[in-house]
A.B. asks: 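The structure that follows is given in the form of structure tokens.
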Amino acid sequence: MLQLILILATILLPIYMWYRRQFSYWNRHKTIPSVEGRIFSGCLVDTLRFKTNFGYYLKTIYDDPKFGNEPLVGIYGLHEPALMVKDPQIIKSILVKHFDSFHDRFAEQDVDYDPIGGQAMFMTSYATWREMRTKLSPLFTSAKLKTMYGLIQHVAQNMERYLEKQSTVMRCDMKEFCASYTIDIIATVLLGFQSNSMENPSEELRNIIRKLTEFSGRRAFNFIIAFFVPSLARFFRSKLLHEETEHFLRTSIVQAVEERKLSEETRNDLIDILVKLTDDAKESGRDMSQFMDCLLAQVGISISAGFDTTATSMSNALLELAKQPEIQRRLKKEIKEAFEAEKGTSVSYENLSKLQYLDMVVCETLRLYPVLPILQRRYNKGMGAREGYSLKPYSDFVLPDGMTMFICTYGLHYDPKYWPEPHKFNPERFVPENKVTLLNSMTYLPFGAGPHNCIGARLAMLQLKCGLVHLLKNHYVRICDQTVVEPEFEARSFVLQVKGGIICYYRNFNFWARYKNVPSVPGRIFSGNFVDFITFKTNFAYHLKTIYDEEQFATAPVVGVYGLYKPGLLIRNLNLVKSVLIKDFDCFRNRFAKIDDHHDSLGGQMMFFADYPLWKEMRSKLSPTFTAGKLRNMYPLIQQVGENMRKFLDSQPDVFQAEMKNLCARFTTDVIATTIFGFKSNSLENPLEDFHKEVKGLAYFTWRRAFDFIIIMFASRLTRIMGSKILYAETEHFLRATITQAIRDRESRSGAEQRNDLIDIFVKLKQEAELKGEWKMERFMECLMAQAGIFMIGGFETSSTTMSNALLELAKQPELQRKLREEIKEAFREGQGQISYEGINNKLPYMDMVIYETLRLYPVLPVLERQYATPPGKLPYSLKPYCDFTLSEGMPVFISPYALHYDPKYWPNPKRFDPERFSVERRTDIHPMVHLPFGNGPHNCIGARLGMIQVKAGLAYILRDHYVRVCGRTKVEPKFEAKALVLQVKGGIYLEIVKDK
């Protein structure tokens with residue numbers, strides 16, 4: 001017996017001593033006030049005994065008067081010290097500013113034992129969370145939510161019809177009622193099938209979901225293990241999902257994915273996303289069993305969150321409305337007016353967001369009943385960091401690696417410092433003028449904050465608001481003798497379950513409302529200021545011009561605008577334009593449009609989209625291609641294409657009709673082929689030639705291509721998820737094959753006469769890179785091909801468009817055309833049938849004037865965009881003295897050359913085509929920032945001079961022996977293609993080409 005006691009003492013005494021040291025941690029760090037912790041239970045003894053909810057218990061610590069003004073309180077988990085954070089500034093640092101140091105919620109889960117529960121986005125490690133967050137975000141984009149809204153409305157209308165069938169007065173458990181509504185939404189919106197929980201409340205899906213959200217004693221214990229000691233999950237056989245739920249996910253969800261693949265149906269739901277992700281995973285060779293477990297984990301957490309939080313939110317809101325009839329009457333009045341305004345049985349997606357008082361009611365409900373009463377983060381010291389995270393100036397304490405931080409949302413939401421009479425339900429707290437401040441105060445965190453905020457919050461908000469609107473449309477709620485007016489929370493639950501809990505989110509575009517000194521246009525939810533653009537009603541450049549032209553902004557130096565999700569600035573003041581493009585280039589050296597070069601290796605490395613320093617390196621290496629000497633050497637190649645144009649026109653009837661954009665495109669295609677790719681193309685004679693078809697396809701904006709460019713321009717993080725690329729797969733293949741073969745051919749003819757084209761430059765750069773060993777050759781070749789791609793796009797589209805637009809304006813004003821043709825004919829006579837390089841540059845002054853005026857009316861780049869970034873060692877960028885505003889990191893800045901080119905302050909009678917504006921005498925009077933056809937500053941178009949030579953040569957050879965005139969198909973006042981990001985005339989430019997007699 002004595003031996004047994006000694007053995008036990010030998011084993012248990014070190015454990016006891018270790019625990020004792022652990023639970024005296026805060027006694028050794030006197031700078032942090034703390035609570036006492038018990039050995040083996042820390043501060044969680046009442047939680048472990050299921051006497052109280054953990055969130056509620058943490059609130060009692062938060063509310064303790066001795067910690068009233070303390071920013072931090074030391075507490076203990078089951079086996080380690082932790083910190084509860086009370087100060088909003090520290091909270092902001094943890095959740096937002098220093099997210100990279102607090103990107104994990106919990107300690108590493110045992111995914112080998114619990115492969116589904118352990119990989120759920122809420123529980124998993126940062127790497128898996130980031131991948132899954134990125135992959136699933138497309139389900140919650142604005143476009144997807146708008147599509148889903150019709151499905152949500154259908155369920156809400158079914159709920160309304162169900163209520164109409166009931167007796168005039170009906171008593172029911174509102175949590176159960178709202179749960180039926182949310183189950184049907186989960187079924188149709190997430191899982192892709194119809195459910196009817198209202199009429200059949202015992203069906204299988206409801207039972208499965210119930211087990212996801214009900215907290216038995218065993219389930220509560222499992223969550224304690226997962227939250228505090230996940231390494232013991234295997235020992236205690238603790239899993240986050242029931243076996244039946246796992247079985248449902250592995251069978252029903254997998255089956256739904258397979259059926260969707262076979263049917264090829266698109267419903268814009270979660271199953272569609274899973275189909276795409278599984279296909280992508282198979283193509284990339286991933287372990288499909290492990291990957292499917294990870295996806296099923298996200299389905300489980302999506303179902304759990306979508307069900308319990310919304311049902312709880314609705315029932316809690318209805319409880320508070322029943323307790324305060326006046327508030328309910330005001331809300332019902334707003335709902336009734338919304339239905340009357342639309343004269344229908346539903347409220348549109350757009351108008352739902354305009355129900356201001358509904359939003360106030362929901363926000364106040366979220367404050368009283370936060371679904372996540374605590375937020376938890378774990379400090380990650382990071383590789384190479386010598387010291388932990390300092391809490392100065394709030395405390396001298398330095399966080400050690402792995403310390404857990406708790407934020408008591410429940411405590412913050414009831415703190416009388418921030419919320420007068422915190423126990424009172426008062427929607428007026430969230431009137432619009434207060435809401436902006438509250439949402440940014442870190443004292444109101446119903447959905448968390450920062451990158452780890454709730455991914456499905458907007459979807460939850462839609463179903464919550466839609467449910468309340470249709471329920472209260474023709475009904476009202478009131479308390480009865482069974483109503484628990486002051487409900488208590490479920491002690492075994494880690495969320496606040498009253499007879500409900502909550503998780504929902506309302507997002508509005510209110511950034512500029514906080515900066516009254518910046519005039520702005522209001523933004524719509526999910527579309528910012530660009531709803532007409534993203535719905536392809538108008539061209540982006542034209543839409544930005546309408547904002548620029550608004551009378552209310554006539555004297556404003558800047559205008560606040562909104563992209564799809566981000567506030568930005570439209571610059572109107574010329575000095576600010578110059579600062580952005582030239583003077584302060586180091587602050588605006590990257591474009592806002594981005595491409596993930598891991599997903600699109602060619603598009604992401606194109607000079608137009610590449611970030612600094614790759615842009616700088618490529619610009620430096622390729623600039624020699626466009627020097628005067630190189631352009632002189634290229635010019636004979638362009639001349640030869642011009643001669644081919646002349647011969648082609650001579651072969652046609654004396655009078656024939658042509659679509660000028662197509663004709664000019666065939667000319668520029670042949671120029672690109674010979675000057676960039678080093679071979680002869682003959683698209684003038686053969687418009688169906690492969691090279692011309694490939695190049696033409698790049699500039700044609702289909703719906704899909706327009707969508708891709710919207711993603712690239714405004715939501716670049718989604719390029720991989722949406723599969724958005726600059727080049728089509730066929731064009732990519734063509735480009736790789738053509739460039740690779742051209743370089744090989746040129747290298748095999750080493751010592752032969754050079755053609756002075758882009759291929760010669762590529763060969764030289766490749767040889768230099770091999771010699772210096774600075775690049776991996778495969779990546780370097782990718783980068784060169786990317787530049788060839790952007791030159792192909794730019795050289796084709798911009799030159800052919802400018803040529804055809806110039807010909808349209810000349811056809812409309814024959815006198816101007818005659819003057820230009822006389823100049824062209826004289827130049828050919830002087831050159832004895834040719835125009836030399838010096839002649840094309842110096843002997844055609846009126847040609848210059850015509851092209852400059854064409855570029856004013858039809859700017860090649862109608863929108864310039866930059867992204868602000870604070871250079872190291874510099875202060876944030878202030879717009880003073882023009883405006884009292886300091887740019888925030890990453891803010892997009894837009895400049896509208898299209899609007900500047902039409903501003904009557906700078907261009908009298910701006911819609912008139914008048915080349916005389918650019919006469920030598922008047923050109924010096926033009927401010928350099930009001931004529932920006934090729935941009936300006938270091939980021940200006942690298943090929944602008946080649947483009948000008950190409951346009952001038954093309955026009956010269958077309959107008960040498962022919963002239964153009966309008967015909968019956970000519971659109972004298974053309975409209976622009978709404979799907980294109982550049983200014984493309986819709987429907988083409990049809991003119992008659994007439995041969996001189």
A.B. asks: Under the salt bridge (Lys or Arg N to Asp or Glu O under 4.0 Å) test, which residues partner E428, sequence neighbours left out?
C.D. replies: R330

A.B. asks: If I compare all heavy atoms of S142 with all of R458, which pair ends up nearest, and what's the gap?
C.D. replies: OG-NH1, 3.7 Å

A.B. asks: Between Y414 and Y410, is a ring pair (Phe, Tyr, Trp, His ring centres under 6.0 Å) present by the stated rule, with each step listed?
C.D. replies: CA-CA 7 Å; Y414 280 75; Y410 191 19; 5.3 Å; yes

A.B. asks: Check whether the side chains of S348 and E342 place a donor and an acceptor atom closer than 3.5 Å, and report yes or no.
C.D. replies: yes

A.B. asks: Considering residues at least two apart in sequence or located in another chain, which fulfil the side-chain hydrogen bond (donor to acceptor under 3.5 Å, both in side chains) criterion with K92?
C.D. replies: none

A.B. asks: List in chain and number order the residues that pass side-chain hydrogen bond (donor to acceptor under 3.5 Å, both in side chains) with K66, two or more places apart in sequence or in another chain; answer none if no residue qualifies.
C.D. replies: none

A.B. asks: Is a donor on one side and an acceptor on the other found under 3.5 Å between the side chain of Q356 and the backbone of P432?
C.D. replies: no

A.B. asks: Any side-chain heavy atom of M314 within less than 4.5 Å of one from F177?
C.D. replies: no

A.B. asks: I'd like to check the salt bridge (Lys or Arg N to Asp or Glu O under 4.0 Å) partners of E340; sequence neighbours left out, ordered by chain and number.
C.D. replies: none

A.B. asks: Rounded to the nearest 0.5 Å, how far does CG of N351 lie from NZ of K354?
C.D. replies: 4.5 Å

A.B. asks: Quick one: CD on Q376 to OG1 on T404, what's the gap to the nearest 0.5 Å?
C.D. replies: 5.5 Å

A.B. asks: Check side-chain hydrogen bond (donor to acceptor under 3.5 Å, both in side chains) between K59 and all other residues, then give those that pass, not counting sequence neighbours.
C.D. replies: D63

A.B. asks: Which residues satisfy the ring-ring contact (aromatic ring centres under 6.0 Å, His included) test with Y418, sequence neighbours excluded?
C.D. replies: none

A.B. asks: Do the non-hydrogen side-chain atoms of V35 and D64 ever get within less than 4.5 Å of each other?
C.D. replies: no

A.B. asks: Apply side chain to side chain contact (heavy atoms under 4.5 Å, CB included) to A449 and list each qualifying residue two or more places apart in sequence or on a separate chain.
C.D. replies: L95, V96, M442, L445

A.B. asks: Checking K332 now: which residues fulfil side chain to side chain contact (heavy atoms under 4.5 Å, CB included) with it, not counting sequence neighbours?
C.D. replies: Q328, L472, Y476

A.B. asks: Who are the side chain to side chain contact (heavy atoms under 4.5 Å, CB included) partners of T60, not counting sequence neighbours?
C.D. replies: Y56, Y57

A.B. asks: Please round to the nearest 0.5 Å and tell me the distance separating atom NZ of K323 and atom CZ of F425.
C.D. replies: 9.0 Å

A.B. asks: Is the shortest side-chain heavy-atom distance between P446 and H413 below 4.5 Å?
C.D. replies: yes

A.B. asks: Check L83 against I75 and note the closest heavy-atom contact, atom names and distance.
C.D. replies: N-CG1, 4.3 Å

A.B. asks: For E70, what residues pass the side chain to side chain contact (heavy atoms under 4.5 Å, CB included) criterion, not counting sequence neighbours?
C.D. replies: P33, F67

A.B. asks: Closer than 3.5 angstrom, by distance alone: can the side chain of Y62 be matched with the main-chain N or O of M84 as a donor-acceptor pair?
C.D. replies: no

A.B. asks: Kindly indicate whether the side chain of L72, heavy atoms from C-beta on, has any atom under 4.5 Å from the side chain of D87.
C.D. replies: no

A.B. asks: Going by heavy atoms in the side chains, are V362 and F430 under 4.5 Å from each other?
C.D. replies: no

A.B. asks: What orientation do H452 and W129 show, parallel under 30°, tilted 30 to 60°, or perpendicular over 60°?
C.D. replies: tilted

A.B. asks: To the nearest 0.5 Å, tell me how far T182 OG1 sits from I152 CD1.
C.D. replies: 11.5 Å

A.B. asks: Do the side chains of K86 and D415 get close enough for a salt bridge, i.e. N-O under 4.0 angstrom?
C.D. replies: no

A.B. asks: Give a yes-or-no answer on whether the side chains of N426 and E421 include a donor-acceptor pair shorter than 3.5 Å.
C.D. replies: no

A.B. asks: To check you understand the geometry: which heavy-atom pair defines the closest contact between L468 and I335, and what is its length?
C.D. replies: O-CD1, 4.2 Å

A.B. asks: Would you say the side chain of Y444 lies within less than 4.5 Å of the side chain of L412, judging by non-hydrogen atoms?
C.D. replies: no

A.B. asks: Does some side-chain heavy atom of R478 sit less than 4.5 Å from a side-chain heavy atom of P325?
C.D. replies: no

A.B. asks: What are the two closest heavy atoms between Q157 and S346, and how far apart are they?
C.D. replies: NE2-CB, 3.5 Å

A.B. asks: If the condition is salt bridge (Lys or Arg N to Asp or Glu O under 4.0 Å), which residues does K333 pass it with, not counting sequence neighbours?
C.D. replies: E337

A.B. asks: Looking at every non-hydrogen atom in both residues, tell me the closest pair between C178 and S315 and how far apart they are.
C.D. replies: SG-N, 3.8 Å

A.B. asks: Pick from K465, R161, E160: which one makes a side chain to side chain donor-acceptor pair (under 3.5 Å) with H470?
C.D. replies: E160

A.B. asks: Taking side-chain hydrogen bond (donor to acceptor under 3.5 Å, both in side chains) as the definition, give me every residue that meets it alongside R429, ordered by chain and number, with sequence neighbours left out.
C.D. replies: E364

A.B. asks: Ignoring hydrogens, what is the shortest heavy-atom contact between Y181 and G467? Give both atom names and the distance.
C.D. replies: OH-N, 3.1 Å

A.B. asks: First locate atom OG1 of T310, then atom CD1 of I183, and finally report the distance between them rounded to the nearest 0.5 Å.
C.D. replies: 11.5 Å

A.B. asks: Any side-chain heavy atom of L462 within less than 4.5 Å of one from M148?
C.D. replies: no

A.B. asks: Applying side-chain contact (heavy atoms from CB on, under 4.5 Å), run through L471 and M174 and close with a yes or a no.
C.D. replies: CA-CA 11 Å; L471 192 153; M174 291 311 300; 4.2 Å; yes

A.B. asks: Any chance you could measure N316, atom CG, to L368, atom CG, to the nearest 0.5 Å?
C.D. replies: 9.0 Å

